[in-house]
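Heads up, the thing below is written out as structure tokens.
Position 1 is the first residue of the sequence, and the numbers go up from there.
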Amino acid sequence: MSALTAVLYGALIVYLGGWYLDLWFGNFALLLFILSVVTGFYWVAEKWRFKPQREAAARTLESQDAARRTELAKLGIDKVDGDIAAAREQLLRQPWWLDWTAGLFPVIIVVFVMRSFLFEPFKIPSGSMIPTLQVGDLILVNKFHYGIRLPVIDKKIIPNHDVARGDVVVFRYPVDPRLDYIKRVIGVPGDEVSYLNAQLKINGQPVPTQALGDAYDDESMRYMSQFSEKIGPVEHRIQRRPQVLPFNVDAPRQFPFRENCRYSIEGFVCKVPAGHYFMMGDNRDNSEDSRYWGFVPDENIVGKAFFVWMNFRNPSRIGGFQ
């Protein structure tokens, strides 16, 4: 078993090393699932086989020592050298390959359950959600808000809240589901979303906005115009770059249900199909979102982002957000 455990750890190191070096994409959910199964197997084997075997060997040692002392006592020898305490402790000690497998199972299974069904941490890698979220924000995502999904296969088994306009959502990028994106929900199934001359409308109604003045953006190193925007019950801030065209008509790609969208130099109008959502970043002129790569299927939804738990460059960022 020690050799098998060494091989498994070697495979794990190779997998993590290749992932770190960008030789291949890693799947953390699948990795946690496999680690839970493997360490769980060792934990069960330890509980029902290996530990009882060690305890039986220790009892045998004790009985043999007791028998030896009894026989020597019959011969009139009362003082017997030798203490089996160290040997007993050695027999009961868990070998390294069980300590690093069965011993880790409780920790791994707790992490797996929490990450799969409760909360998952993410790091904001880009400025597409500025000013709501900054580069380097470490956020928590509520995995059960929209329903319980089976880990790894992401099959929803218990529905909960519907995805709502204004929610900040983490989802698997439709173009490459191995990547996770974060955007704000602008349109839900059946909505008509238009963005013409930088005016956002949902079902023909302008989204209420109010100018907040200019603010310096550290990422782009320029001043940006900020606005207060209200989508449904959610009021949040967005920013736009002054004197920039609201839309690049040549940028949209081919994507499923592209026929639901009409593009022009002024912007676009899109009808959100059933089971899909329209996403946009709060940094409106620096966000690659549904305007360019299309709608997000419901099965790609990971969870609702709701809390910044750390930003090492700016700890004051800790807290909830809309």
Side-chain angles (χ1 to χ4, degrees), residues 126-133 146 154 156 161-177 179-210 224-225 227-241 244-305 322:
S126 71
S128 68
M129 284 297 291
I130 293 174
T132 303
L133 295 171
Y146 300 126
D154 295 310
K156 185 185 290 188
H161 300 90
D162 293 331
V163 177
R165 301 185 197 96
D167 288 354
V168 177
V169 171
V170 171
F171 54 91
R172 294 190 305 281
Y173 182 34
V175 178
D176 186 351
L179 302 177
D180 291 318
Y181 270 31
I182 182 168
K183 305 291 179 186
R184 190 177 298 278
V185 180
I186 303 299
V188 298
D191 282 348
E192 182 181 79
V193 177
S194 67
Y195 192 65
L196 302 172
N197 296 316
Q199 171 66 64
L200 178 62
K201 294 182 180 180
I202 301 175
N203 297 323
Q205 298 299 313
V207 171
T209 58
Q210 181 178 352
M224 307 286 279
S225 298
F227 301 84
S228 171
E229 181 180 81
K230 188 173 184 180
I231 299 179
V234 179
E235 187 169 351
H236 59 279
R237 290 183 301 155
I238 64 169
Q239 72 177 24
R240 291 204 64 241
R241 183 178 171 185
V244 170
L245 290 175
F247 190 73
N248 181 359
V249 70
D250 296 321
R253 312 169 186 174
Q254 293 298 323
F255 53 81
F257 301 103
R258 195 180 189 279
E259 64 275 11
N260 286 27
C261 297
R262 305 188 306 273
Y263 294 98
S264 69
I265 192 63
E266 296 176 324
F268 68 88
V269 179
C270 284
K271 183 79 171 180
V272 185
H276 291 72
Y277 306 97
F278 193 92
M279 309 286 190
M280 293 177 71
D282 290 347
N283 193 354
R284 289 292 156 79
D285 296 318
N286 187 25
S287 172
E288 185 175 299
D289 46 40
S290 289
R291 292 173 286 182
Y292 304 103
W293 41 252
F295 308 101
V296 176
D298 182 73
E299 57 265 25
N300 284 39
I301 299 296
V302 173
K304 181 179 180 181
Q322 291 288 325

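You'll find the side chain of His236 reaches within 4.5 Å of the side chain of Ile231, heavy atoms only. When side chains are defined from C-beta on, Ile238 does not count as touching Met280, because their heavy atoms never get closer than 4.5 Å.
Between Phe268 and Phe278, a ring centre-to-centre spacing shorter than 6.0 Å is recorded.
Considering CG of Leu179 and CZ of Phe171, their distance stands at 11.0 Å, rounded to 0.5 Å. With rounding to the nearest 0.5 angstrom, the CD atom of Glu229 is 7.0 Å from the OG1 atom of Thr209. Between Arg184 atom CZ and Gln322 atom CD the span is 8.0 Å, to the nearest 0.5 Å. Annotation: the span from Tyr181 atom OH to Ser290 atom OG amounts to 11.0 Å, rounded to 0.5 Å. Distance CZ/Phe227 to CZ/Arg237: 13.0 Å, rounded to 0.5 Å. Interatomic distance, CG of Asp167 versus CD1 of Ile186, reported as 10.5 Å (0.5 Å rounding).
No donor-acceptor contact under 3.5 angstrom links the side chains of Glu288 and Ser128, judged on distance only.
Using a distance-only test at 3.5 Å, with no hydrogens or angles considered, a donor-acceptor pair links the side chain of Asn260 to the main chain of Lys271. Side chain of Asp282 to main chain of Thr132: no donor-acceptor pair is present (N/O by atom type, distance under 3.5 Å, no hydrogens or angles). In terms of modelled atom types and a separation under 3.5 Å, the side chain of Lys183 and the main chain of Val170 share no donor-acceptor contact. Side chain of Asn203 to backbone of Glu192: a donor-acceptor contact under 3.5 angstrom is found. Remark: side-chain polar atoms of Asn300 are paired, donor with acceptor, to backbone N or O of Arg172 under 3.5 angstrom. Formation of a donor-acceptor pair under 3.5 Å by the Arg241 side chain with backbone atoms of Met224 is not found in this model. Under a 3.5 Å cut-off, the side chain of Asp289 and the backbone N or O of Arg291 do form a donor-acceptor pair. The main-chain N or O of Gly294 is never found under 3.5 Å from a side-chain atom of Arg258 such that the two would form a donor-acceptor pair. Under the 3.5 Å distance criterion, the side-chain polar atoms of Asn283 are matched with a main-chain donor or acceptor of Gly127.
Closest heavy-atom contact between Arg165 and Val234: O-CG2, 4.3 Å. Contact detail for Pro174 and Pro297: the closest heavy-atom pair is CG-CD, 4.2 Å. Scanning all heavy atoms of the two residues, the minimum distance from Phe255 to Tyr263 falls at CZ-OH, 3.4 Å.
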Step-by-step side chain to side chain contact (heavy atoms under 4.5 Å, CB included) determination, Met279 to Val185 = CA-CA 5 Å; Met279 309 286 190; Val185 180; 3.7 Å; yes
Step by step, would you call Ile301 with Lys156 a side chain to side chain contact (heavy atoms under 4.5 Å, CB included)?
-> CA-CA 10 Å; Ile301 299 296; Lys156 185 185 290 188; over 6 Å; no
Can you list the steps and then say if Cys261 with Phe295 is a side chain to side chain contact (heavy atoms under 4.5 Å, CB included)?
-> CA-CA 10 Å; Cys261 297; Phe295 308 101; 3.7 Å; yes
Starting from the C-alpha separation in whole Å, work towards a yes-or-no answer on side chain to side chain contact (heavy atoms under 4.5 Å, CB included) for Val188 and Val272.
-> CA-CA 6 Å; Val188 298; Val272 185; over 6 Å; no
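Annotation for Glu259: atom CD counts as buried by contact number, over 12 foreign heavy atoms lying within 6.0 Å.
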